[in-house]
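Note on naming: letters A, B, ... go to the chains in the order of the sequence lines (proteins, then strands), and numbering restarts at 1 for each one.
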Amino acid sequence: MRRVVPWVLIAVFLGLAVAGALTGSIQPVFQKAIRICRECIGIG
Amino acid sequence: MKIRRIVQSIAVFVFNPWLANFLSGKLYTGRLKQACVPVLNCHSCPAATGACPIGGLQAALGDKPFNWITLHVVGLLGVVGAIGGRFACGWLCPFGYLQDGLYKVPSPKLRVPRFLEWGKYAALAVLVVALPLLWVDEFGYSTGPWFCRVLCPAGTLEGAVPLLGVGAEEIPERPYYLVVKVAILVFFLGWMVVSKRPFCRVACPLGAVYGLFNRHSLVQLRVDAARCVKCDVCRRTCPMDLRVYEGGDASGCIRCLSCRSACPKGAVRIET
């Protein structure tokens, strides 16, 4: 029984990852990652 | 555990292959930056190839109105955690690798008080989730990635030091956050010499997330109680200072398998 749990978790989170990718916009994450994030380095 | 060292070394270069950018102070801006890496690796590091999942999560949570890409980032972290718990901390994380290395520097050694380990959950709940999600300015925009801004020493080391070093960014007139972050970095670097993986245990929100999955992850560590003589060799060799016989699925276990190699009785095994 216990060994079923990780597979269920993997399926649920994989579903979340796919659903999120299909319905959301990656732009805020991408834009933050391709520019120097001044907040991230403590100068913004 | 030479093989873990090799894997950690390879992971450093896989997540940070653009070394020439350290000289120019520019960032890699290709499509790979759309993907989050599974470890704490600042995306403002000139050599970084992907987005930091904690930085990405804060950016997603801070986007208004609610951006469903948040579920994508949470889903990715969940998949990695459900497969191996904190194995990414033990085998792939460059900042964890740094801590393993610094602890080898000869010095008096100190134990980290257990209660401090709750700090990483506070960092996750307050700095990563609550503040970026709930604290907005007068225009309704998020006030930013608070974990990165006030705490993350990985961002200071991988981003601020090289970028300010080559003059790609200028030190602001009132560098309050920078002063705080540099102080935190110096503090943690010193602590890493005397204690085992203090940042992972006390402040890393990514470790906190993955640790929640340790009990139910696909890969499990098991201790054969009949063989174990509680000699504490596992604790001495464990980079997280755990007594593995008290629970191989403890949230602190980074699945490095050092205990399995070191156990004189062969009591530790992996189970899937």
Side-chain angles (χ1 to χ4, degrees), chain A, chain B residues 25 27-30 33-34 36 42-44 48 50-52 55-60 62-63 67-79 81-83 144-146 148-150 152 155-156 159-160 163-164 168-172 175 177-182 213 216-219 272:
Chain A
M1 182 61 194
R2 179 189 171 85
R3 295 292 82 202
V4 174
V5 175
W7 291 109
V8 172
L9 288 174
I10 291 169
V12 168
F13 282 105
L14 203 54
L16 277 182
V18 173
L22 292 175
T23 55
S25 165
I26 194 73
Q27 280 309 311
V29 178
F30 184 50
Q31 291 300 322
K32 187 67 92 176
I34 62 171
R35 300 204 173 101
I36 292 174
C37 170
R38 294 173 61 83
E39 297 101 328
C40 299
I41 61 175
I43 59 172
Chain B
L27 304 190
Y28 164 72
T29 57
K33 272 276 174 84
Q34 293 189 40
C36 290
C42 184
H43 45 221
S44 285
C52 171
L57 183 58
Q58 291 171 97
D63 199 29
N67 188 339
W68 292 98
I69 203 68
T70 306
L71 295 186
H72 172 68
V73 180
V74 171
L76 290 177
L77 295 180
V79 170
I83 292 172
W146 282 98
C148 304
R149 178 178 281 159
V150 301
C152 185
T156 314
L163 291 171
L164 295 173
E169 286 290 327
E170 287 180 3
I171 296 175
Y177 288 125
L178 184 63
V179 169
V180 169
K181 278 179 62 90
V182 169
F213 290 91
H216 298 294
S217 64
L218 194 59
V219 177
T272 55

Inter-residue atom distance B:L71.CG - A:F13.CZ, 0.5 Å rounding
10.5 Å
From CD (A:Q27) to CD (B:Q34), nearest 0.5 Å
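Between atom CD of A:Q27 and atom CD of B:Q34 there are 6.5 Å.
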Quick one: which of [options] has the most heavy-atom pairs under 4.5 Å with chain B, could you say?
options	value
A:V8, A:T23, A:V12, A:I36	A:I36
A:A11, A:G15, A:P28	A:P28
A:L16, A:L14, A:V18	A:L16

Which bit of A:A19 is near chain B, if near means a heavy-atom gap under 4.5 Å: side chain, backbone, both or neither?
neither
For A:R38, is it the side chain, the backbone, both, or neither that has a heavy atom closer than 4.5 Å to a heavy atom of chain B?
side chain
Check against side-chain contact (heavy atoms from CB on, under 4.5 Å), B:Y177 and A:I43:
CA-CA 7 Å; B:Y177 288 125; A:I43 59 172; over 6 Å; no
Looking only at atom types and distance, does a side-chain atom of B:K33 sit under 3.5 Å from a main-chain N or O of A:I34, one as donor and one as acceptor?
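Judged by distance alone, no pair lies under 3.5 Å.
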By a 4.5 Å heavy-atom criterion (distance strictly below it), what part of B:L218 contacts chain A: side chain, backbone, both, or neither?
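Contact with chain A is through both the backbone and side chain of B:L218.
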Between B:Q58 and chain A, which part of the residue has a heavy atom less than 4.5 Å away: side chain, backbone, both or neither?
neither
Residue list, side chain to side chain donor-acceptor pair (under 3.5 Å) with A:E39, at least two apart or on another chain:
none
Would you find more than 12 non-hydrogen atoms of other residues, nucleotides or ligands less than 6.0 Å from B:I171 atom CD1?
no
Measure across [X] and [Y] and return the closest heavy-atom pair with its distance rounded to 0.1 Å.
X	Y	result
A:F30	B:T29	CZ-O, 4.1 Å
B:A82	A:L9	CB-CB, 3.7 Å
B:S217	A:P6	C-CB, 3.8 Å
A:G24	B:N67	CA-OD1, 3.4 Å
B:T272	A:R3	C-NH1, 3.6 Å
A:A17	B:L76	CB-N, 4.0 Å

Sequence-distant partners of B:C36, disulfide (SG to SG under 2.5 Å), two or more places apart
none
Heavy-atom pairs under 4.5 Å with chain A, option from B:S44, B:G25, B:G155, B:G30 with the top count
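It is B:S44.
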